[in-house]
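Okay, structure first, notes after.
Numbers restart at 1 for each chain; the letters A, B, ... are given by sequence-line order, proteins then strands.
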Amino acid sequence: MKKYVLKRNKGEGEKLYSIDYRAELNPQQYKAATATEGAYLVVAGAGTGKTRTLVFRVAYMVENKIPPGSILLLTFTRKAAQEMMRRASSILDERCKNVAGGTFHSFANLLLRKYALNIGLLPNFTIVDRTDAEEILQIIRTNLNLNKKERRFPNKSTLINIISLAINKSTSIKKIVSDCYPHYLGDYTEIMTVEEYYRRFKQEKQLLDYDDLLVYLKQLLESGEDVRKKISDKYRYIMVDEYQDTNRLQAEITVLLASGHHNVMAVGDDSQSIYSFRGANFKNIIDFPSFFPGTVIINLEQNYRSTRPILDMTNAIIEQAREKYPKKLFSNIEGDQKPVFIDGVDEKDQAAFVAQRILETRDEGVPLSHIAVLFRASWHANELELELRNANIPYVKYGGIKFAEAAHVKDTLAYLRVIHNPIDEIAWLRLLLLIDGIGPASAGTILKAVIANGGDYHQLISPAFEKRKNSSELKRLHHLFSSMKNKQEPLSAKMESVLDYYTPIFEKKYDDFHRRKMDLESLLHISERYLKLEHFLSDIALEPPDKFQAGIEPTDLEDEKLVLSTVHSAKGLEWHTVFILHLVEGYFPSTQSLDEPEDIEEERRLFYVAATRAQKNLYLIAPEITSRGSYWASYRSSPFAFSEPSRFLNEIPNFRELTEVGVITFEDPLS
DNA sequence: TAGTGAGAGGTTTTT
DNA sequence: CCTCTCACTA
């Protein structure tokens with residue numbers, strides 16, 4: 001008898017990969033990248049090559065014949081997902097582009113458009129942003145007569161905070177009110193009523209706020225075994241990035257998504273959790289193994305980003321945190337430049353120093369785009385922006401007012417929203433109020449007629465309104481909608497019709513319309529990239545700031561520009577040289593966080609995130625606050641609190657050894 | 001009922 | 001400093 005042995009070509013090491021994973025990754029990274037089946041928790045400190053690991057993991061899976069479409073990459077921003085897919089494609093091939101990915105919210109949007117009917121939604125629902133949500137609450141508040149001065153009922157932004165926190169933390173409104181707003185406990189029943197009206201309002205008009213996307217996704221996944229199985233089967237390999245910034249609801253969704261296979265890798269760093277104000281809970285990381293029994297935990301601790309002196313500093317910052325997973329990040333990158341600490345300057349000098357130092361750094365050969373200035377709140381950079389404009393230093397600013405939130409952009413979008421979802425009452429209301437002589441009352445009457453007819457814009461020229469003094473404007477509006485009826489017409493053509501209609505209103509409404517005009521032009525420009533109105537509108541609502549940032553042309557992004565950014569928007573990024581402004585009590589940590597120890601801890605992590613962005617140079621600046629703007633705040637705490645350097649610096653025991661003190665002197669005017 | 005002006009109160013971060 | 005609210009006027 002003759003024996004035949006079949007060679008197996010499975011098994012580690014024997015397989016032919018086009019990438020040498022062992023050489024490219026360190027042992028922990030390798031372990032994470034090549035572990036495909038099962039549940040994994042990767043605790044990845046700042047700069048430890050987390051993204052790189054995920055990118056190689058995608059490539060590894062694709063090389064193992066896993067269909068890219070069955071890999072789901074949930075990240076904090078869509079940009080992060082796209083960047084990863086791009087990098088995976090560049091190390092392997094185009095197949096990696098077909099990986100599914102995005103934020104929880106955009107993923108929810110995708111599924112809900114498809115399965116809307118399963119849970120009683122229409123697929124053409126509209127996504128409303130925070131401003132719209134507040135607008136709705138304002139209407140409800142007024143209707144319920146809760147807006148009287150003597151009532152001191154929570155205002156619209158507090159209301160949305162309460163409602164949203166309850167949802168994101170998967171808890172009751174009562175708990176949120178008693179935990180965060182105990183002084184409103186007496187208004188608890190009315191808050192519940194408002195919430196109910198709010199929910200009904202949205203439901204009737206097919207409006208979904210950000211939270212609804214998650215709520216309905218969860219509902220969809222729970223609506224039936226068959227749908228859940230279908231979805232779970234499609235996305236067999238799930239990766240969740242920045243897991244420390246997910247909330248309870250997102251964790252529950254993750255569990256449901258993975259119900260069929262339990263192939264989940266969550267990646268995160270508890271020390272970098274900075275989104276608790278919107279319900280994120282870094283304890284999700286700690287709880288992960290209990291959701292997925294048998295979870296394997298992998299720690300990434302070698303830092304590839306920062307030099308040793310910088311890492312010593314950042315380790316010292318997070319060392320002071322009350323509560324964290326013990327971690328010991330180390331770096332092999334040599335460097336002799338300690339972080340530089342500057343104090344004793346005023347805000348003007350701070351700006352002048354930063355601008356000057358930026359120019360010098362550029363002269364040393366560091367491109368502007370590798371330099372960043374970070375700050376706690378957008379307005380902290382105002383002074384610096386002036387200085388930069390004077391010095392002709394080009395920059396982009398991230399964070400702060402977003403493009404889609406600017407009033408004139410929202411005006412423009414309202415017309416398109418009505419086309420897409422004719423019963424979008426918030427959009428209708430907005431565009432009606434734009435007409436001269438129409439206030440809340442007339443708008444209400446017209447709106448009623450329109451909505452009663454399922455959003456029929458022909459009501460605008462109904463005989464009932466013919467005798468109004470602004471009937472010609474209504475005709476003009478009617479004409480606009482008729483002209484956009486043609487479905488074949490490209491989106492940008494519709495946009496142009498809208499702008500034609502809107503321009504006279506726009507120029508009358510805003511004194512500074514010249515400055516704002518640019519935004520409308522770039523909106524038109526952006527619309528040219530879309531075929532479907534629906535995609536355009538969802539993207540504007542869901543896309544992270546960078547592409548739709550006020551004042552940023554899409555073409556700006558490739559240019560050599562200095563980066564100004566809030567710390568929140570700087571997450572996940574890195575620069576050769578980083579300046580952190582306003583390391584002063586009341587600014588960083590911000591005044592609002594001073595009451596609660598938990599909030600202080602979050603600010604500390606925020607500072608940690610900021611400092612860990614630096615590769616080679618880190619400047620920590622603690623100016624003395626002299627401007628009048630801080631006057632109001634200084635009487636709330638002690639009068640001198642605002643010139644006190646941040647506690648996050650003072651609390652570091654060997655701060656002086658870890659830093660080099662920068663002393664600023666002024667040039668002799670005669671020399 | 002729409003539009004305006006004075007006055008008061010709050011001032012972050014984002015999908 | 002900016003937004004929101006209220007009260008007043010046309």
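Side chain of A:R141, nearest nucleotide from C:dT5, B:dT12, B:dA2: C:dT5. Of the candidates B:dT15, B:dT13, B:dA2, B:dA2 carries the atom nearest the A:S442 side chain, counting heavy atoms from C-beta on. Closest approach to the A:F277 side chain among B:dA2, B:dT12, B:dT13 is made by B:dT13 (side chain taken as heavy atoms from C-beta onward). In this structure, of B:dA2, B:dT12, B:dT14, it is B:dT14 that holds the atom nearest to the side chain of A:R130. Distances were taken from every side-chain heavy atom of A:S378 (C-beta onward) to each of B:dT13, B:dT15, C:dC4; the shortest belongs to B:dT13.
One finds a side-chain N or O of A:S569 lying less than 4.0 angstrom from the OP1 or OP2 phosphate oxygen of B:dT14. Look at A:T566 and you won't find any side-chain N or O under 4.0 angstrom from OP1 or OP2 of B:dT12. Within the structure, every side-chain polar atom (N or O) of A:R376 is placed at least 4.0 Å from both OP1 and OP2 of B:dT11. Phosphate proximity of C:dC4 to A:Q138: absent, as no side-chain N or O sits under 4.0 Å from OP1 or OP2.
In this structure, A:K50 pairs ionically with A:E242, as a charged nitrogen and a carboxylate oxygen lie closer than 4.0 Å. The pair A:R605-A:D270 does not count as a salt bridge, with every side-chain nitrogen at least 4.0 angstrom from each carboxylate oxygen. We find that A:R322 and A:E598 are not joined by a salt bridge, their nearest charged nitrogen and carboxylate oxygen being 4.0 Å or further apart.
Taking for each of A:K469 and A:W379 the nucleotide of DNA chain B with the nearest heavy atom, the 5'-most of the two is the partner of A:K469. Both A:Y210 and A:N155 sit near DNA chain B, but only A:N155 has its closest nucleotide nearer the 5' end.
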Which atom pairs link the protein and nucleotides 3-6 of chain B when you take only N or O atoms and keep those under 3.5 Å?
from	atom 1	to	atom 2	distance (Å)
B:dG3	OP1	A:G437	N	2.6

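Counting only distance, with no hydrogens or angles, the side chain of A:S276 and the backbone of A:G279 share no donor-acceptor pair below 3.5 Å.
Between the P atoms of B:dT13 and C:dC4, the separation comes to 15 Å (whole Å).
When the P atom of B:dG10 is taken as reference, atom CG of A:L594 falls 17 Å away, rounded to whole Å. Distance CD (A:E242) to P (B:dT14): 14 Å, rounded to an integer number of Å.
Considering A:R430, A:K410, A:K205 as possible partners of A:D132, the one that fulfils the salt bridge (charged side-chain N to carboxylate O under 4.0 Å, His left out) test is A:K410.
Listed by first and then second residue, the salt bridge (charged side-chain N to carboxylate O under 4.0 Å, His left out) pairs that reach into residues 156-170 of chain A come to none, sequence neighbours excluded.
With ring centers used as reference points, A:H568 lies under 6.0 Å from A:F277.
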